[in-house]
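Report on one structure; see the data block that follows.
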Amino acid sequence: MDLGIKGKTALVCGASKGLGKGCAEALAADGVNLVLVARSAEALEKTAEEIRRAHGVNVTAVAADITTPEGRAQALAACPAPDILVTNAGGPPTGDFRDWGREQWIAALDANMLTPIELIKATVDGMISRGFGRIVNITSSAVKAPIDVLGLSNGARSGLTGFVAGIARKTVAHNVTINNLLPGPFDTDRLGATMAGAAKASGKSIDEVKEARRNQNPAQRFGTAAEFGAFCAFMCSAHAGYMTGQNILLDGGAYPGTF
């Protein structure tokens with residue numbers, strides 16, 4: 001399927017590896033030019049060069065911390081008028097809420113709620129004026145089915161979800177959609193960190209914890225970054241203009257509810 005976005009420009013955050021990289025690769029495969037942001041300059045430039053060679057699109061790498069005002073300024077200087085915005089930042093650490101103080105909560109909110117809001121604020125009016133925009137926030141399945149050790153993530157990402165629900169109905173008349181993509185267990189570094197925390201708490205090995213988690217999933221496997229990216233690319237396509245304010249769960253069927 002031709003997604004109808006060839007020649008568009010996307011700003012993709014957390015794009016050096018994992019789910020962000022998967023999204024960048026899928027967009028590039030459909031002819032989208034990219035501005036990629038991540039903290040690690042070496043890993044980011046490696047990803048950028050891989051995508052340039054594979055797809056022949058323009059790829060600009062911005063090594064910056066998108067969760068800071070300075071990092072967002074760098075990203076927006078390189079891409080002041082994106083047609084597509086994919087927000088993504090690493091989740092906060094696992095733990096017991098009794099151990100978290102104000103500093104930990106503010107850091108979580110900055111990374112997983114306020115940063116996407118600031119990026120939306122900086123780009124959405126330009127999208128409206130041009131009559132096209134796609135914003136996808138990579139959040140977490142924990143928004144729909146909270147995980148006790150991910151309290152910082154549960155709270156911050158749920159705040160973003162509520163914010164998006166309020167504004168997504170205001171932009172869609174201008175062909176600008178805002179949606180959230182909720183990953184369950186995908187084979188990424190973040191999953192590894194979560195598994196390490198669970199292993200420490202249970203006294204089991206990481207391999208034991210991963211195997212148990214894999215077997216608990218109806219799909220009997222973890223997701224891949226490539227399939228996540230392909231779904232994100234469709235949400236950014238010209239064909240997805242009638243979907244906004246939605247929370248799309250990709251979890252292999254792990255969520256047990258009917259609705």
Side-chain angles (χ1 to χ4, degrees), residues 13-14 16-20 22 38-40 43 65-69 71-72 87-119 137-165 180-225 228 247-257 259:
C13 304
S16 64
K17 57 186 178 180
L19 301 183
R39 286 176 292 183
S40 173
D65 183 351
I66 199 67
T67 69
T68 66
R72 289 191 291 276
T87 76
N88 179 35
T94 61
D96 187 319
F97 78 95
R98 298 170 183 84
D99 299 325
W100 300 325
R102 178 176 174 79
E103 182 179 349
Q104 288 77 27
W105 277 108
I106 293 300
L109 290 170
D110 275 340
N112 298 132
M113 177 182 173
L114 299 179
T115 287
I117 290 173
E118 290 292 336
L119 290 170
N137 303 299
I138 300 176
T139 63
S140 170
S141 63
V143 171
K144 195 165 179 69
I147 301 169
D148 58 353
V149 296
L150 296 180
L152 291 169
S153 178
N154 295 342
R157 296 189 194 279
S158 294
L160 175 64
T161 303
F163 170 79
V164 167
N180 304 313
L181 192 48
L182 285 56
F186 278 77
D187 194 7
T188 64
D189 289 350
R190 173 63 173 172
L191 179 69
T194 303
M195 294 294 100
K200 183 178 179 180
S202 66
K204 298 179 180 179
S205 71
I206 294 177
D207 286 343
E208 287 176 313
V209 171
K210 286 188 72 172
E211 184 65 17
R213 180 76 181 276
R214 184 184 295 111
N215 291 335
Q216 287 170 2
N217 192 285
Q220 298 286 288
R221 66 178 179 89
F222 298 129
T224 69
F228 185 91
N247 296 286
I248 307 300
L249 187 63
L250 292 182
D251 70 346
Y255 178 69
F259 300 105

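Each residue takes its place number in the sequence, starting with 1.
- Residues passing the side chain to side chain donor-acceptor pair (under 3.5 Å) test with Asn137 are Thr87, Asn180, sequence neighbours excluded.
- By the salt bridge (charged side-chain N to carboxylate O under 4.0 Å, His left out) test, Glu211 pairs with Arg214, sequence neighbours left out.
- Closest approach of Asn217 to Gly252, counting heavy atoms only: OD1-O, 3.1 Å.
- The ring-ring contact (aromatic ring centres under 6.0 Å, His included) analysis of residues 180-225, with sequence neighbours excluded, yields the pairs Phe186-Phe228.
- Residue Asn112 comes nearest to Gly90 through the heavy atom pair ND2-O, 3.5 Å, listed as atom of the first residue, atom of the second, then distance.
- Applying the side-chain contact (heavy atoms from CB on, under 4.5 Å) test to Arg72 and every residue at least two apart in sequence or in another chain returns Ile66, Pro69, Thr115, Glu118, Leu119.
- Applying the ring-ring contact (aromatic ring centres under 6.0 Å, His included) definition to pairs two or more places apart or across chains, none involves residues 196-221.
- Here CG of Leu182 is found 3.5 Å from OG1 of Thr139. Values are rounded to the nearest 0.5 Å.
- Of all the heavy atoms in Gly253 and Pro218, the pair that sits closest is O-CG, 3.3 Å.
- Applying the salt bridge (Lys or Arg N to Asp or Glu O under 4.0 Å) rule to pairs touching residues 90-99 yields Asp96-Arg98, sequence neighbours excluded.
- More than 12 heavy atoms of other shown residues, nucleotides or ligands fall within 6.0 angstrom of atom CD in Gln220.
- Take Phe97 and apply the side-chain contact (heavy atoms from CB on, under 4.5 Å) test, not counting sequence neighbours, and it matches Trp100.
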If you look only at distance, which donor and acceptor atoms sit under 3.5 Å apart when one is on a side chain in residues 141-164 and the other is two or more places apart or in another chain?
| from | atom 1 | to | atom 2 | distance (Å) |
| --- | --- | --- | --- | --- |
| Ser141 | OG | Pro183 | O | 3.3 |
| Ser153 | OG | Arg157 | NE | 2.9 |
| Asn154 | ND2 | Ile147 | O | 2.9 |
| Asn154 | ND2 | Leu150 | O | 3.4 |
| Ser158 | OG | Asn154 | O | 2.6 |
| Thr161 | OG1 | Arg157 | O | 2.9 |

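- With sequence neighbours left out, Arg221 forms a side-chain contact (heavy atoms from CB on, under 4.5 Å) with Ala219, Thr224, Glu227.
- Under the side-chain contact (heavy atoms from CB on, under 4.5 Å) criterion, Ala43 pairs with Ser16, Ser40, not counting sequence neighbours.
- Applying the side chain to side chain donor-acceptor pair (under 3.5 Å) test to Thr67 and every residue at least two apart in sequence or in another chain returns Asp65.
- For the salt bridge (charged side-chain N to carboxylate O under 4.0 Å, His left out) test, residues two or more places apart in sequence or in another chain that qualify with Lys17 are Asp189.
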